[in-house]
Protein chains: 4
Amino acid sequence: MNKVMLIGNVGREPEVRYVDQGVAVARLTMATTERGYVLQNGTQVPERTDWHNVVLWRRLAEIVEKYVHKGDKLYVEGRIRYTTYNDKHGVKHNVTEVWAENIELLSVRPRPAASDGGAAARPSQPDGGSVTAEDSQNPPF
Amino acid sequence: MNKVMLIGNVGREPEVRYVDQGVAVARLTMATTERGYVLQNGTQVPERTDWHNVVLWRRLAEIVEKYVHKGDKLYVEGRIRYTTYNDKHGVKHNVTEVWAENIELLSVRPRPAASDGGAAARPSQPDGGSVTAEDSQNPPF
Amino acid sequence: MNKVMLIGNVGREPEVRYVDQGVAVARLTMATTERGYVLQNGTQVPERTDWHNVVLWRRLAEIVEKYVHKGDKLYVEGRIRYTTYNDKHGVKHNVTEVWAENIELLSVRPRPAASDGGAAARPSQPDGGSVTAEDSQNPPF
Amino acid sequence: MNKVMLIGNVGREPEVRYVDQGVAVARLTMATTERGYVLQNGTQVPERTDWHNVVLWRRLAEIVEKYVHKGDKLYVEGRIRYTTYNDKHGVKHNVTEVWAENIELLSVRPRPAASDGGAAARPSQPDGGSVTAEDSQNPPF
DNA sequence: TTTT
DNA sequence: TTTT
């Protein structure tokens with residue numbers, strides 16, 4: 001298991017690229033903030049913000065392209081990935097990314113129920129196959 | 001692993017009891033709401049609310065007693081527990097509870113950094129032992 | 001948020017049905033076990049097993065039908081759903097289910113890398129669209 | 001929310017230090033492995049291992065010191081922390097760590113129920129206060 | 001550097 | 001019974 005769950009705000013406009021065969025890939029930065037507090041011995045632990053590099057592929061990248069903007073509040077679920085590369089000067093660099101497996105847009109205003117809008121990533125029905133009203137009811141057991 | 005994570009609103013005032021030897025136990029109900037949406041075939045899946053029975057012991061119960069009220073937004077992490085009992089008429093009843101292992105009060109307003117206030121459950125420092133400023137810095141490696 | 005994560009063993013053969021328009025729905029029971037331990041005051045807290053009713057739709061139900069059997073170890077991620085109904089005698093019953101949004105088969109033996117086998121639910125590529133080798137590399141930024 | 005959950009194996013013997021006022025801090029590396037698979041278009045996605053730097057403080061560090069060894073299987077829950085520093089040559093370095101908030105030792109063999117052993121981090125009873133047999137039963141409501 |  |  002390698003699971004990450006983040007709720008935070010998008011730092012700037014996401015970047016979206018299309019690579020071979022039209023596969024979309026998006027990249028965004030997202031801040032999570034931990035409240036400061038005082039320890040029992042009186043030490044002040046200040047507020048802390050961490051900036052996450054989030055990478056999204058395909059359907060999630062397309063959702064980002066359409067609906068996610070700087071300042072939006074986002075829920076991201078994914079995996080941590082560490083990459084190492086050497087730059088032109090032979091200096092080693094470490095990059096840590098969160099590769100999203102699911103997102104939820106927390107800034108999206110409640111919509112009229114008659115329109116999905118497509119703005120939310122709903123992993124429970126990923127196949128988008130033909131579906132009936134039974135879906136929202138109990139299974140037939 | 002038996003892990004539950006909920007973010008939702010408290011339905012009514014929590015109940016707190018003290019049992020043997022002053023152990024606090026609190027109980028609250030909490031609603032999580034799933035947005036409605038339209039499936040690809042046009043079926044409207046309506047909004048859905050689930051009501052969770054949350055049980056909290058000891059320190060968490062005391063936090064609830066002091067700080068949690070009807071309507072508050074709460075993060076609860078815990079375990080699902082199923083109980084079965086027979087009532088006076090011999091009828092079997094099933095009860096499902098979420099026993100909290102950690103909570104976070106999402107309704108609490110940001111406080112001046114100089115005061116912890118004690119309102120948040122901070123699992124990362126559960127021992128409350130003596131602690132130094134090193135804590136908020138990098139470990140000495 | 002209403003999220004459940006379970007790792008446990010399947011109690012008996014799953015049941016699978018096909019409802020309107022060929023939508024598959026599976027149901028299985030799954031045990032999670034918490035180790036017993038002794039409290040500081042010497043009280044023995046015994047081991048505890050909880051049995052979860054897991055419901056799976058569509059693609060996940062089909063994976064269950066093909067690959068999941070009694071005794072298998074499973075990871076299930078999903079949501080808690082509470083249902084109430086009245087039986088023929090007018091007695092109210094409460095049912096709690098975990099509706100799966102993702103599963104992973106932990107009993108599946110390592111396979112030769114050249115064959116996917118289809119036995120694992122891989123949420124990161126839910127669309128199954130056309131995909132290139134870039135996918136396993138870094139995004140083009 | 002900034003939450004990480006890992007299940008994996010410890011790469012080498014953990015290092016433990018004691019800093020000011022006897023506060024323990026441990027550091028270990030831990031591998032999570034993702035199975036390889038074949039995409040629909042035939043592309044082989046190879047197996048992938050990520051190495052996480054896990055930092056543990058106080059009680060968790062002491063558990064690590066006593067019970068965790070190279071090769072052990074571990075569950076770690078915590079937060080991602082990114083740090084940047086400049087080395088002696090003025091070169092900027094990025095470090096990513098997972099600061100543990102809870103761990104579970106998955107390599108520990110089942111013990112006779114009469115002995116806690118202290119080897120597991122049990123977050124549900126973090127206060128270690130005086131506790132009665134009611135704890136393992138239903139709350140008094 | 002781990003493990004399956 | 002909550003909330004957006």
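Below, chains carry the letters A, B, ... as their sequence lines are ordered, and counting in each starts from 1.
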Enquirer: Once you round it to whole Å, what is the distance between P of E:dT3 and CG of D:L74?
Expert: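 Going from CG in D:L74 over to P in E:dT3 covers 13 Å.
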Enquirer: What integer distance in Å separates B:R12:CZ from F:dT3:P?
Expert: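 Atom CZ in B:R12 sits about 14 Å away from atom P in F:dT3.
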Enquirer: If you only use heavy atoms from C-beta on, which nucleotide in E:dT1, F:dT1, F:dT3 is closest to the side chain of B:K70?
Expert: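 The listed nucleotide nearest to B:K70's side chain is F:dT1.
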Enquirer: Between B:E47 and B:W51, which residue's closest nucleotide on DNA chain F lies nearer the 5′ terminus?
Expert: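 Counting from the 5' end, the first nearest nucleotide belongs to B:W51.
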Enquirer: What's the verdict on side-chain hydrogen bond (donor to acceptor under 3.5 Å, both in side chains) for A:H93 and A:T84, showing C-alpha distance, side-chain angles and the deciding distance?
Expert: CA-CA 6 Å; A:H93 293 269; A:T84 298; over 6 Å; no
Enquirer: Rounded to whole Å, how long is the line connecting atom CG of D:L106 with atom P of E:dT3?
Expert: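 To the nearest whole Å, that distance equals 14 Å.
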Enquirer: Can you check the B:N9 CG to F:dT4 C1' distance for me, whole Å?
Expert: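 Distance, rounded to whole Å: 8 Å.
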Enquirer: Rounded to the nearest Å, what distance is computed from the CG atom of residue C:L105 to the P atom of nucleotide E:dT4?
Expert: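 Value for this atom pair: 19 Å.
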Enquirer: Rounded off to whole Å, could you give me the CG-to-P distance for the D:L6 and E:dT1 pair?
Expert: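 The distance from CG of D:L6 to P of E:dT1 comes to 21 Å, rounded to the nearest Å.
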Enquirer: Donor-acceptor pair, B:D50 side chain versus C:Y82 backbone, under 3.5 Å?
Expert: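 Yes; at least one donor-acceptor contact below 3.5 Å.
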Enquirer: Can you see whether A:W99 has A:R81 sitting over its ring - NZ or CZ less than 6.0 Å from the centre and within 45° of the normal?
Expert: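 Pair A:R81/A:W99 counts as cation-pi.
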Enquirer: Counting only heavy atoms not in D:K73 (residues, nucleotides, ligands), do more than 12 fall under 6.0 Å from its NZ?
Expert: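 No.
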Enquirer: Please state how far atom CG in B:D72 lies from atom C1' in F:dT1, giving the value in whole angstrom units.
Expert: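 Atom CG in B:D72 sits about 14 Å away from atom C1' in F:dT1.
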Enquirer: Rounded to the Å, how far apart are D:I7 CD1 and E:dT3 P?
Expert: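 Result: 17 Å.
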